[in-house]
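To start, the structure under review is shown below, and the notes come after it.
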Amino acid sequence: MIPVPGFEGRRVAVFGLGRSGITAARALQAGGAVPVLWDDGVSGRMQAEAEGFVVEDLTRADWSGFAALVLSPGAPLTHPRPHWTVERAHAAGVPVIGDVELFARALDALPQSQRPRVVAITGTNGKSTTTALIGWVLKSAGLTVHIGGNIGIGVLALPAPTPDAVYVIEVSSYQLDLTTSFAPDVAILTNISPDHLDRHGGMEGYVAAKQRIFQAQGLEALALIGVDEAWGQGTANDLRTQGRRVCTVSTLSVIPGPDAQRSEPGTQAAEPVAEAWVPGSAAPPRNDGIEAAPGLLSLNGQLVANLSAARSLPGRHNAQNAAFAYAAARALGVSHEAAVEGLLTFPGLAHRMEAVGRLGGVRFINDSKGTNADAARQALASYPSVFWIAGGKAKEGGIDSLRDLFPRVTKAYLIGEAADAFAVTLADTPHVVAHTMERAVEQAAADAAKAGGEQVVLLSPACASFDQFPDFEVRGEAFRATVLALGAKPEPAA
């Protein structure tokens, strides 16, 4: 646990007693604060009481006595309308913050010589894989690494800071909205595409939330930014005008200009490539793209690694993730050789392009974390042909934006609430409404086996899971269980 100083003897309201809320309360108490907890659910309040915390109905509390409100990232800060605790806090002049901000303040309270280094990752897609990949590369190089935040362990539940440690933290747009002083040594924005627009009041608010990862960085810190779309390119340009250290990463043959809204189908290079400028290299970042080369990771025009040897990093999007990981590792002093070795030995992230088994010539790929169309695009583009399992609780726009990839779909198997709507979109593509995961896997496996040769059954739903499963992890495990029940054998580790 990371104790949070600065609130000694003062009352701090904590609303939302999920993983981040209860951990924040423990960290505040360890730092000398008096956390006052509340949750709309009885179970959360009962857990807090069992741990000996003060549990008080915040609807009746005197808000003038609070030093801060620590808000769960699941509670809306601004849209569709501010949560009632936010309204009470604002009326009383009480600052509203989150667990990542508490983490930042805990590190700021340390003497400079005792502070660990921090790598933070955000983005619409790819942030979890990039977080796990960076953590793997740094650990493989012998560094003391703690990984958490929006992935795995809540940030304040990580081990207490030591000078030799590196924290690798995934942060969501909800968490970033609740930060003011979070200043990572390396901040990464993987990409931006429309998502969570209801919580941020539209695309402008969503982009602004993502950009907050850079807001408190000093001039010596590094910003790593994906520029495959105009929002990333604009962010990079804005930071450069401020004199900031910026490293851009692209998988496009040509980086979009400032007037482009997003990369369009057909503008991307034919094979996975990535380019980044690594600080200290001889040349500045280029904006004209580089020649595509199958499976190669090129940084600043120089060959770094052949990613075809890294089975857990297929596709263009993983070339981008690898570029972020390589550049971050090098910025932290990891040697070229150790960074490349880490990339090539990465075992992959559960539920993100995860090879879960093989049955004869059929490979089963679990991309349950592909919860929107842009994420599914990355998965579909990684294979020349797939038997595709898709569906769930649809996001705005459904799968219309994926039409250019439908020729890669040998047949689709549709599940959940979105099945009928997706069937209409896929009218000219072979498909079947399977409804359930079990039926979809069984039908896809049978059809893939009949096709003969090497085939891929891909779960990449392009949807949220909440119609049939509690979360994407449970959905991915249901896919895995059904695949293994068919007799598929888990593939050996990379």
Side-chain angles (χ1 to χ4, degrees), residues 123-130 132-133 190-191 193 226 228-229 249-253 263 265-274 292-298 305-325 343-344 346-358 361-390 399 401-413 429 444 448 451 453-463 472 476 479 483 491 494:
T124 305
N125 298 306
K127 55 184 178 293
S128 292
T129 298
T130 300
L133 180 55
T190 59
N191 51 64
S193 59
D228 279 359
E229 81 297 311
V249 174
S250 179
T251 64
L252 304 185
S253 55
S263 57
T267 64
Q268 295 180 326
E271 296 291 342
V273 295
L296 299 184
L297 172 62
S298 177
N306 187 340
L307 294 180
S308 63
R311 193 177 63 200
S312 295
L313 295 173
R316 185 189 323 279
H317 62 297
N318 276 318
Q320 183 189 56
N321 296 339
F324 285 126
L343 296 178
L344 298 184
F346 178 57
L349 186 67
H351 312 298
R352 193 68 177 106
M353 299 293 285
E354 177 192 13
V356 299
R358 175 184 283 271
V362 182
R363 296 183 70 212
F364 295 87
I365 306 298
N366 171 19
D367 192 49
S368 181
K369 203 172 189 302
T371 58
N372 56 48
D374 271 12
R377 167 175 292 280
Q378 306 298 344
L380 289 170
S382 298
Y383 304 101
S385 63
V386 296
F387 293 83
W388 181 30
I389 300 174
I399 55 172
S401 63
L402 301 178
R403 289 182 183 275
D404 60 303
L405 292 175
F406 289 173
R408 296 180 182 236
V409 178
T410 305
K411 189 172 181 178
Y413 307 82
T429 299
E454 293 289 314
Q455 303 293 341
V456 170
V457 172
L458 170 69
L459 168 67
S460 190
C463 285
F472 73 84
F479 174 77
V483 167
E491 296 198 58

Minimum heavy-atom separation for Ser193 and Thr124, please, with both atom names.
N-OG1, 3.0 Å
Name all residues meeting the side-chain hydrogen bond (donor to acceptor under 3.5 Å, both in side chains) criterion together with Asn366; count only those two or more places apart in sequence or in a different chain, and write none if there are none.
His351, Glu354
Side chain to side chain contact (heavy atoms under 4.5 Å, CB included) with Thr371: which residues, sequence neighbours excluded?
Lys395, Phe472, Arg475
Contacts of Ala379 meeting side chain to side chain contact (heavy atoms under 4.5 Å, CB included) (sequence neighbours excluded), chain-then-number -> Met353, Asp367, Leu458, Ser460
Specify the closest pair of heavy atoms between Ala462 and Ile399, including all atoms of both residues, with the distance to one decimal.
CB-CG2, 3.8 Å
Between Leu402 and Trp388, the two heavy atoms sitting closest are CD1-CH2, 4.0 Å
All side chain to side chain contact (heavy atoms under 4.5 Å, CB included) counterparts of Ala375, not counting sequence neighbours:
Asn125, Arg352, Asn372
Looking only at atom types and distance, does a side-chain atom of Arg363 sit under 3.5 Å from a main-chain N or O of Glu454, one as donor and one as acceptor?
no
To the closest 0.5 Å, what do you measure between CG (Asn191) and OG (Ser250)?
11.5 Å
When rounded to the nearest 0.5 angstrom, what is the spacing between OG1 in Thr129 and CZ in Phe346?
6.0 Å
Taking every heavy atom of Gln320 against every heavy atom of Val249, the minimum-distance pair comes out as CG-CG1, 3.7 Å
In short, Ser368 meets Gly476 closest at the heavy-atom pair OG-N, 3.3 Å
Reported CG-to-CG distance for the pair Leu313 and Asn318, which is rounded to 0.5 angstrom
5.0 Å
Atom pair OG1/CZ of Thr429 and Arg403 - distance to nearest 0.5 Å
8.5 Å
Whether the side chain of Arg377 engages the backbone of Ser401 through a donor-acceptor N/O pair (distance < 3.5 Å, no angle test) should be reported.
yes
To check you understand the geometry: which heavy-atom pair defines the closest contact between Thr190 and Gly123, and what is its length?
OG1-CA, 3.3 Å
To the nearest 0.5 Å, how far apart are OG1 in Thr410 and OH in Tyr383?
13.5 Å
Between CG on residue Leu133 and CZ on residue Phe324, distance to nearest 0.5 Å:
11.5 Å
Under the side chain to side chain contact (heavy atoms under 4.5 Å, CB included) test, which residues partner Ala451, sequence neighbours left out?
Phe387, Gln455
Can you list the residues that meet the side-chain hydrogen bond (donor to acceptor under 3.5 Å, both in side chains) rule with Ser128, with sequence neighbours excluded?
Glu170, Lys369
